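In what follows, a single structure is set out as structure tokens and then discussed.
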There are 2 protein chains.
Amino acid sequence: MKTRSFVSARMVAERAGVSRSAVSRTFTDGASVSEETRRKVLDAAGALGYHVNHLARGLRERSNIVCLVVSNMTTPIRARMVDIMTRQLQASGWITMVINTETDTESVSKALRQTLNYRADATVVLSGTPSASLIEACLANGQQVVLINRDDRLKGSSTLAVDNSLAGREALFLLQRAGCKRLGLVTSNAQTASLVERERVFVDIARAQGLNVTVTMAGPTTYESGADAARRLFGRSNGPDGVFCVTDLLALGFMDVARDEFGLRIPEDLCVVGFDDIEQADWRAYQLTTFAQPLEAMATHVVDLLNDSEGASSDRKLFEPIPIWRRSVRPGVKTD
Amino acid sequence: MKTRSFVSARMVAERAGVSRSAVSRTFTDGASVSEETRRKVLDAAGALGYHVNHLARGLRERSNIVCLVVSNMTTPIRARMVDIMTRQLQASGWITMVINTETDTESVSKALRQTLNYRADATVVLSGTPSASLIEACLANGQQVVLINRDDRLKGSSTLAVDNSLAGREALFLLQRAGCKRLGLVTSNAQTASLVERERVFVDIARAQGLNVTVTMAGPTTYESGADAARRLFGRSNGPDGVFCVTDLLALGFMDVARDEFGLRIPEDLCVVGFDDIEQADWRAYQLTTFAQPLEAMATHVVDLLNDSEGASSDRKLFEPIPIWRRSVRPGVKTD
DNA sequence: TTGGCGAATGCACTTGTGTGCAAGCGTCAA
DNA sequence: TTGACGCTTGCACACAAGTGCATTCGCCAA
């Protein structure tokens, strides 16, 4: 049986003719080693292809491992979140284990247990719905827990979120300024805290102003769901002329069907606002007005939290979404 | 200083009133433990919140860690590859460390060294160009190395690839059957082995048949590059009426500009073929004819390779791309 | 020559696990 | 009653690192 044969510090020590401690010290900053032995050790290490075993190091101190829990990775917005998070964590010396979870609680539980098995220093939840008890297990084991865009407010965990109510309010304002009279809202049946919040604020403020809003709940948060929603909304008479889709993907599907199957011109006959600012929103076929999440800043904040480690552990930070004006909404008209 | 206080097997043993070995055996399949002690151990473990430390376990045997090296994660095709790979690896009991690399060799080297530091059992390279010497270091340390869609054929590493020449040939055939006379090819300056192969075969066969092909090399493999290519190709007189873009993203940008800025109808005036079958290719605005990579099958094969471990370690497996017919190419016409 | 001092080095212990080996214990048959 | 046998269980070691403590070595000054 092949036994994995990694080269260990002992082998290096033997080859260099020094003690194993000397090898260890050579690779430890600030330890006391003479220049001569240091060189001998480095030579031997190079010849054998030695690499410090971080697993063994992690036995005593921190493992430098961060678990990234994420679902629906193929979604453009998620892909970007994962990309930015892993990049920044890596740059800061962390190594990230990705746990890809379906949305069902079962697989998330299994995955989070892995987190504990590998003694991750921290767990960052991008999506998925981990059971509160498991999160508590992570906390009990001394892990730092960071939740992004979720409302579960658990003692001891940090939370980052985008200010969804601000987005809902601003979306309404944009459509009103464009002169839209019949408002519509397209949301998904996912009913995440973020989605619900955007939806709620948009509808509440509109109704408070005496405006009617047609709410359509589509399927999952996909292009196809957006397309279906458009068919339902415009299938009956008197469809809306201004729509807030709580997600860019929904918006893009919605736009395609509104144009192709109902001959509506955007933004002349119909204004659309999305949320996320995925790459495709900027494509010529869409030019969707939307809101960007400040992902880089959020990732930076996460990394800061992990590096501080002792910092106020239980807090909640809100980030402002950035409005991105494109052509799917008419520019402001004179209010009469 | 907070000392991370993880629960160890010794603590469980003390609480349960048994030896530490008993705890170890309780969590090892097939080990000899009486039903009574087993129950005592499980009770104590539950009460304390104990989880086996896989890092320590990895000291002696395999770590069950797989390193996934990937660049350009936000690209739809890459996001799907990462999604499918992590999902399948996870289902098979592996844990994946994602190494997000810029394309420059430096960062890939640094990342791969991490791979060695954490004693990953295997390294799977989805993209990026690791230096041959580092791959050899991985192999020397007993790691399994799997390269996907790259041509570096290193002794001891396994390679999976899509049959790019088949795609190039088939793309040409589709355009010819649609009656296209003036052929074009859009590629990127990335010049990956895969891209070069698709390009080469398309051009070679076409020229062998006496057909002229206008080759345009755009920037990186993005939507914007495709858009630029279209402007260059149609800016001069006598633009092509049948184009193979070596990537879907290029194709989508190409289509948008061809339609919006040059008023060309697709597929009446212009036929377009892509490659990858990203989700957006199926959107109503595009309906791009393209080739799908059998990603699930490829991931399954990777997992099989890792699980076999002793299997013929150095081999190369080719997968057939699957043609996806949509509306960006005219259906076959009678050949006169 | 000797005492003193600082730098370098090695010993031994720590971390959390799995496991070979031998001892212990209980049961059953002769 | 005793020997044999099998299931449990604990001891001790291995794994690969970091580090406190004591020891050694070299150098310098008195």
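Quick caveat, the model's predicted, so the values are computed rather than measured.
Nearest nucleotide to the A/Arg25 side chain, out of D/dG10, D/dG18, C/dC11: C/dC11. You'll find that the side chain of A/Val52 is closest to D/dG18, out of D/dG18, C/dT17, D/dG10.
As rounded to whole Å, 17 Å separates atom P of C/dG16 from atom OH of A/Tyr118. Spacing between atom CG of B/Asn53 and atom C1' of C/dG16 amounts to 6 Å, rounded to whole angstrom units. Atoms NE2 (A/His54) and C1' (C/dG16) sit 19 Å apart, rounded to a whole Å. Going from atom CD of A/Glu14 over to atom P of C/dG10 covers 13 Å, rounded to whole Å. A/Leu116 has its CG atom 15 Å from the C1' atom of C/dG16, to the nearest Å. Nucleotide C/dT14 holds its P atom 21 Å from the CG atom of B/Leu55, rounded to whole Å. One atom, CZ of A/Arg57, and another, C1' of C/dT14, lie 16 Å apart when rounded to the nearest Å. Separating the CG atom of B/Asp29 from the P atom of C/dT17 is a distance of 16 Å, rounded to the nearest angstrom.
Of the two residues near DNA chain D, A/Tyr50 and B/Ala22, the one whose nearest nucleotide lies more 5' is B/Ala22. DNA chain C is contacted by both A/Ser19 and B/Ala56; A/Ser19 maps to the nucleotide lying nearer its 5′ end (nearest heavy atom per residue).
For B/Asn164 (side chain) and B/Val162 (main-chain N/O), a donor-acceptor pair under 3.5 Å exists by modelled atom type.
Closest approach of A/Ser71 to A/Asn100, counting heavy atoms only: CA-OD1, 4.5 Å. Considering every non-hydrogen atom in both A/Arg119 and B/Val52, the closest pair reads NH1-O, 4.0 Å.
Only at 4.0 angstrom or more do the heavy atoms of residues 30-46 of chain B sit from any atom of DNA chain C, so none qualifies.
Interface remark: the A/Arg119 side chain does not form any donor-acceptor pair with the C/dG16 base, using a distance-only criterion of under 3.5 Å. Judged by atom type and distance alone, A/Ser21 reaches the base of C/dC11 through a side-chain donor-acceptor pair under 3.5 Å.
The CD1 atom of B/Ile65 lies 6.0 Å from the CD1 atom of A/Ile65; values are rounded to the nearest 0.5 Å.
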Take B/Val82 and A/Met73 through the test side-chain contact (heavy atoms from CB on, under 4.5 Å) and record every step on the way to the result.
CA-CA 8 Å; B/Val82 172; A/Met73 280 187 63; 3.4 Å; yes
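Checked by atom type, the side-chain pair A/Thr37/A/Ser34 shows a donor-acceptor distance below 3.5 Å.
In this model, the phosphate group of D/dG18 is approached by a side-chain N or O of A/Ser24 to a distance below 4.0 Å at OP1 or OP2.
Salt-bridge check for A/Arg10 with A/Glu14: passed, with a basic side-chain N closer than 4.0 Å to an acidic carboxylate O.
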